[in-house]
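Both ligands and their constituent atoms are indexed starting at 1 by order of listing.
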Amino acid sequence: MKAKISVVSFLLLCTFLISQAQVKSIVGANKPINPYQYQIVKTDTFQKASVVSAHPLASLVGAQIMKMGGNAFDAAIATQFALAVVYPAAGNIGGGGFLLGRKKNGELVGIDFRETAPGKAYKDMYVDSNGKAQTSLSQNGHLAAGVPGTVAGAFATLPYAKLSMAQLIQPAIDLAENGFVITQKEVGGLNSHQKSFKQYNTTAIAFIKNTPWKVGDTLVQKDLAATLKRIRDVGQKGFYEGKTAELIVAEMQRGKGIISLEDLKNYQAKKRTPLMFNYKNHQIIGFPPPSSGGILLLQMMKMIENKNIAALGFQTAASVQLMVEAERRAYADRAQHMGDPDFWKVPVQQMINDTYLAERMNDFTPGKASTSIAVKAGNIKESEQTTHLSVMDAQGNMVSVTTTLNGGYGSKTVVGGAGFLLNNEMDDFSIKAGVPNMFGAVGGDANAIQPNKRMLSSMCPVVVLKNKKPYVVIGTPGGTTIPTSVYQGLVNMIDFGLTPDEAINKPKFHHQWMPDEVYVEKTYPQEIRKQLQAMGYKIVERNSIGRTEVIQITKDGKLNAAADRRGDDSAAGF
Ligand code: DON
């Protein structure tokens, strides 16, 4: 018996030592990834595997993990943790998101790690005694935070990966512990948020600095490194229980937040069945509710499928008008019918029905704007900060992950002593019927606040097959503009034959039913704007729309990767 125990202990010790030995650091001055010297790569072609994400260091981490024998799921986990360190505006462990994957054997994977409303949340929690909606509370500070889902999402992804969590999280730990040099864009983000960071924090945090941040500064996040180590050493409970959970609840108590130990302990990522549809000879796979992204994309693409948009031409008033009218009709359904399917019966089958979608376009008149007063949600009788990463590996696995804190730097509140920002995702609920959220989206009962409910999202991670073979991985941040950005990216590639780089970087437009306006990026051609105005559209110029990351497989099997030029987004691979 004694001998048996000592053999078992010896084997356990060996396993422990082997796993420790495997966790060699890949990040450092003389390591494969140098956090003090790196470059942004906007587009490249790789032979085997690629990651495109919002930050070069995170993309390099994902690619290196695949070089070390990991698959696309490993890369997605490691990239996501790295983003939580190097891209604090949106990368996170204090937020949530959706992972959509397709394994090389064709199996589809949908992991929902969307935040939930805390147990003490209630429908009118942001409505004051005069009946006025207090968006300042749903958008900033402690009360804006939903129960974070990202860490549970990583552990729900782990069974599809090949390496250990210790290996996948170590690059993020090294980046947090020893720091990395920040880019011009990060300098801008950190400097412009100093006032909010001071206003919404109760402890000293790594992002606050007495003199302005400048390019070349090193951002070190010791508290975050300690939290990541607890996740490495204790697993999911290293975040949802024990010291990290206690730090979250202590932070809540200092700032009148309501997330409890019980909320954290009970949080669960959920498996969802992805939504698949055909568009011409492509199979497009999107995320179902609680994201509106997959349904919106399906509706918009199906509404234009039989209209020969290629003949109308890329970036012509006629093709933009057709796409805008499909957007209007799809977003009207979003406002009325979509919410967390575990709390609200979302009429998915009716909304994606071919006859229903054809009828929705019956009143479309080429050359004349419809109005959002006339176009209501379909009559169905039943009751700016997020980030995306796209991965393909050498075996043919495809992974598309969109994750969010909601606004830039989320609630602006860092959990004292734990070093990570909390989301402000509660604002994605309809906090009062008809009151627009920070993206102008309106909603009603389907998306009203209830304890433990997931707030409706627009995130739209997508993988695409062409003639049933892996073809494209795509996704983007951008609030309500997410599904329309993905829609434009796909139509640009499939119908207009643009390269991935062109497809995502050409100026974009967006309509979301309410308000009844067509948003265009600053660089959108004036001539098209004028022609649309003549048709009756109100054109509103706005800041950049989305930051799309795409990987497309070429005819000869290479990976054509393109990172959005609107940010620090960068491609890596081999
Ligand atoms: O889930 C959603 O729809 C939003 N929280 C996404 C926010 C976002 O994309 C902000 N990025 N620019």
What atoms in ligand 1 come closer than 4.0 Å to a heavy atom of [X]?
X    : value
G478 : 8 (C), 9 (O), 11 (N), 12 (N)
M459 : 1 (O), 3 (O)
S458 : 1 (O), 2 (C), 3 (O)
P477 : 9 (O), 11 (N)

Exercise. Are any of the N/O atoms in F439 less than 3.5 Å from those in ligand 1?
Worked result: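 No, there is no polar N/O contact under 3.5 Å.
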For this session: Please name all residues satisfying side chain to side chain contact (heavy atoms under 4.5 Å, CB included) with A82, sequence neighbours left out, ordered by chain then number.
Result: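 Residues passing side chain to side chain contact (heavy atoms under 4.5 Å, CB included) with A82: A58, V61, L175.
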Problem set entry | S485, S457, G407, P290: member with heavy atom nearest to atom 1 (O) of ligand 1 |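 Residue with the shortest heavy-atom distance to the ligand atom: S457.
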For this session: Go through the side-chain N and O atoms of S390 and H388 and say whether any donor and acceptor fall under 3.5 Å apart.
Result: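 Per modelled atom types, S390 and H388 side chains form a pair under 3.5 Å.
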Exercise. When you check the side-chain N and O atoms of E517 and H511, is any donor under 3.5 Å from an acceptor?
Worked result: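 No - no donor-acceptor pair under 3.5 Å links their side chains.
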Problem set entry | Set of side chain to side chain donor-acceptor pair (under 3.5 Å) partners for Y38, sequence neighbours left out |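 Partners of Y38 by the side chain to side chain donor-acceptor pair (under 3.5 Å) criterion come out as none, since no residue qualifies.
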Side chain, backbone, both or neither: [X] near ligand 1, heavy atoms under 4.0 Å:
X    : result
I482 : side chain
T404 : side chain
R114 : side chain

Exercise. Any salt bridge between R114 and D340, counting N to O under 4.0 Å?
Worked result: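 The answer is no: the pair does not qualify as a salt bridge.
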Problem set entry | Option among Y487, Y524, Y331 that satisfies the ring pair (Phe, Tyr, Trp, His ring centres under 6.0 Å) test with H510 |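 With H510 as partner, Y487, Y524, Y331 yield a single ring pair (Phe, Tyr, Trp, His ring centres under 6.0 Å), made by Y331.
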For this session: Tell me whether the centres of the aromatic rings in H193 and Y409 are closer together than 6.0 Å.
Result: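 Centroid distance H193-Y409: below 6.0 Å, so yes.
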Exercise. Contact between M455 and ligand 1, counting heavy atoms under 4.0 Å?
Worked result: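 No, M455 has no heavy atom closer than 4.0 Å to ligand 1.
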